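Input: a single structure, listed below in structure tokens.
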Amino acid sequence: MIQFLEKDYPLTFGHIDNHGIARPSALFDIMQDAATVHADALHLGRDDLQALWVLSRLHCQMARPVDVHETIQVKTWCAGIKGATWLRAFELRVDGVCIGQALSSWVVLDPVHHHILRPTQIPAAQNYLALVPGQCPAVPGKLACGVLHEHHVHTVRYSDLDINGHMNNVKIVDVVCDGLELDRRENTFVAEIQVNYTAECMPGEAITLSVGEQEGGLTCVFGTVDGKSRFEAAARLASFA
């Protein structure tokens with residue numbers, strides 16, 4: 001079994017924001033790709049299982065921002081099973097130096113009704129049970145925020161969609177960053193971010209973004225449709241020179 005997957009991802013201007021550093025969504029995109037490549041190598045991919053992998057939660061911590069033309073070396077591994085979720089860990093390096101770590105949780109859905117397939121229903125899940133989490137952030141849990149204020153409304157369009165027909169996880173991170181107003185924050189990067197994907201965002205839905213502050217310097221960005229949760233996020237910003 002291929003216990004670890006390591007893959008290099010050179011950053012281009014397509015990954016960079018108006019401040020010249022990698023968008024948080026670019027990091028999510030890279031990690032999601034590495035997870036897909038590793039799942040395929042383990043014969044746990046979409047075609048192998050005849051099912052859909054869906055990212056449920058991801059918690060990422062970064063020591064510094066990533067600049068254009070730097071190459072991120074991603075190491076990813078299976079980090080065990082918790083209930084119905086499959087855990088996957090990531091380590092991000094630049095020039096051999098660790099600059100970030102992440103832990104994600106995933107669920108497997110049947111392709112017709114999108115019901116959760118528990119790991120006990122998938123024989124290949126036994127390969128996950130023997131592996132240990134290693135060094136990575138805590139398992140992402142539920143998020144809560146006190147007072148939230150409506151920020152803006154985002155309508156799901158064609159450019160947001162993925163192969164599963166709903167809003168792509170990476171696009172949701174971009175919308176979360178809109179709520180953080182990163183475009184106007186000079187010399188600031190997202191040092192920590194967790195996104196919980198609570199329900200599918202479908203074409204034409206109008207997602208209300210609400211923002212609030214937590215103790216400890218976290219900013220929450222929650223997305224709802226008609227009062228029902230679609231995603232929840234919390235981020236901590238830090239300065240860089």
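Note that the coordinates shown come from a computational prediction; the quantities given were computed from them, not determined experimentally.
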Same cluster for [X] and [Y] if Ile/Leu/Val/Met/Phe/Trp/Tyr side chains link at under 4.5 Å?
X    : Y    : result
V176 : I30  : yes
F90  : V37  : no
V94  : L92  : yes
L55  : L109 : no
V173 : I72  : yes

Between [X] and [Y] (side chain of the first, backbone of the second, donor and acceptor by atom type, cut-off under 3.5 Å), is there such a pair?
X    : Y    : result
E91  : V74  : no
W53  : L44  : yes
D47  : Q50  : no
Q194 : G141 : yes
D48  : G45  : yes

Pairwise side-chain contact, [X] with [Y], heavy-atom cut-off 4.5 Å (strictly under):
X    : Y    : answer
V68  : L11  : no
F222 : S229 : no
V195 : C60  : no
W106 : Q32  : yes
M167 : M202 : no
L182 : L237 : yes
H113 : D110 : yes
L218 : E213 : no

Measure the spacing between [atom1] of [X] and [atom2] of [Y] and express it to the nearest 0.5 Å.
X    : Y    : atom1 : atom2 : value
H151 : L209 : NE2   : CG    : 8.0 Å
R230 : T208 : CZ    : OG1   : 10.5 Å
R57  : F231 : CZ    : CZ    : 15.5 Å
I207 : I172 : CD1   : CD1   : 6.5 Å
Q121 : H115 : CD    : NE2   : 11.5 Å
S56  : N196 : OG    : CG    : 7.0 Å

Looking only at heavy atoms, which two atoms of [X] and [Y] are closest? And how far apart?
X    : Y    : value
M62  : V190 : CB-O, 4.1 Å
A63  : F189 : O-CZ, 3.8 Å
Y9   : A34  : OH-N, 3.2 Å
A51  : L117 : CB-CD1, 3.9 Å
V211 : G179 : CG2-O, 3.7 Å
A79  : L103 : CB-CD1, 4.0 Å

Query - Lys/Arg N to Asp/Glu carboxylate O, D162 vs K171, below 4.0 Å - result: no
Query raised in the report: Should E70 and R64 count as an ion pair when the cut-off is N to O under 4.0 Å?
Result: yes
Query raised in the report: Is atom CG of D183 surrounded by more than 12 heavy atoms (other residues, nucleotides or ligands) closer than 6.0 Å?
Result: yes
Query raised in the report: Just wondering, more than 12 heavy atoms not from H43 lying within 6.0 Å of its NE2?
Result: no
Query raised in the report: V66 and I99: side-chain contact (heavy atoms from CB on, under 4.5 Å), yes or no, with the steps?
Result: CA-CA 9 Å; V66 187; I99 63 164; 3.6 Å; yes
Requested in this report: Evaluate the side-chain contact (heavy atoms from CB on, under 4.5 Å) criterion for residues L161 and N168: first the C-alpha distance (whole Å), next the side-chain angles of each, then the deciding distance (0.1 Å), finally the verdict.
Outcome: CA-CA 5 Å; L161 304 180; N168 187 277; over 6 Å; no
Do we see a donor-acceptor contact under 3.5 Å between the side chains of [X] and [Y]?
X    : Y    : value
N164 : H114 : no
S25  : D174 : yes
R88  : H38  : yes
N18  : R184 : no
T85  : S105 : no

Report task. Please test D160 against H154 for side chain to side chain donor-acceptor pair (under 3.5 Å), starting from the C-alpha separation and ending with a verdict. Result -> CA-CA 10 Å; D160 296 319; H154 178 90; 3.0 Å; yes
Query raised in the report: T76 and F4: side-chain contact (heavy atoms from CB on, under 4.5 Å), yes or no, with the steps?
Result: CA-CA 6 Å; T76 183; F4 299 99; over 6 Å; no
Query - Chi angles and distances behind the side-chain contact (heavy atoms from CB on, under 4.5 Å) call for L52, R46 - result: CA-CA 6 Å; L52 308 176; R46 177 190 182 104; 3.2 Å; yes
Query raised in the report: Is the H69 to F13 ring centre distance short of 6.0 Å?
Result: yes
**Report entry** Derivation and outcome, side chain to side chain donor-acceptor pair (under 3.5 Å), residues D8 and T71
**Finding:** CA-CA 6 Å; D8 290 350; T71 294; over 6 Å; no
Report task. With salt bridge (charged side-chain N to carboxylate O under 4.0 Å, His left out) as the test, would you mind laying out the steps for D33 and K7 before giving the verdict? Result -> CA-CA 10 Å; D33 181 76; K7 187 176 179 183; 3.2 Å; yes
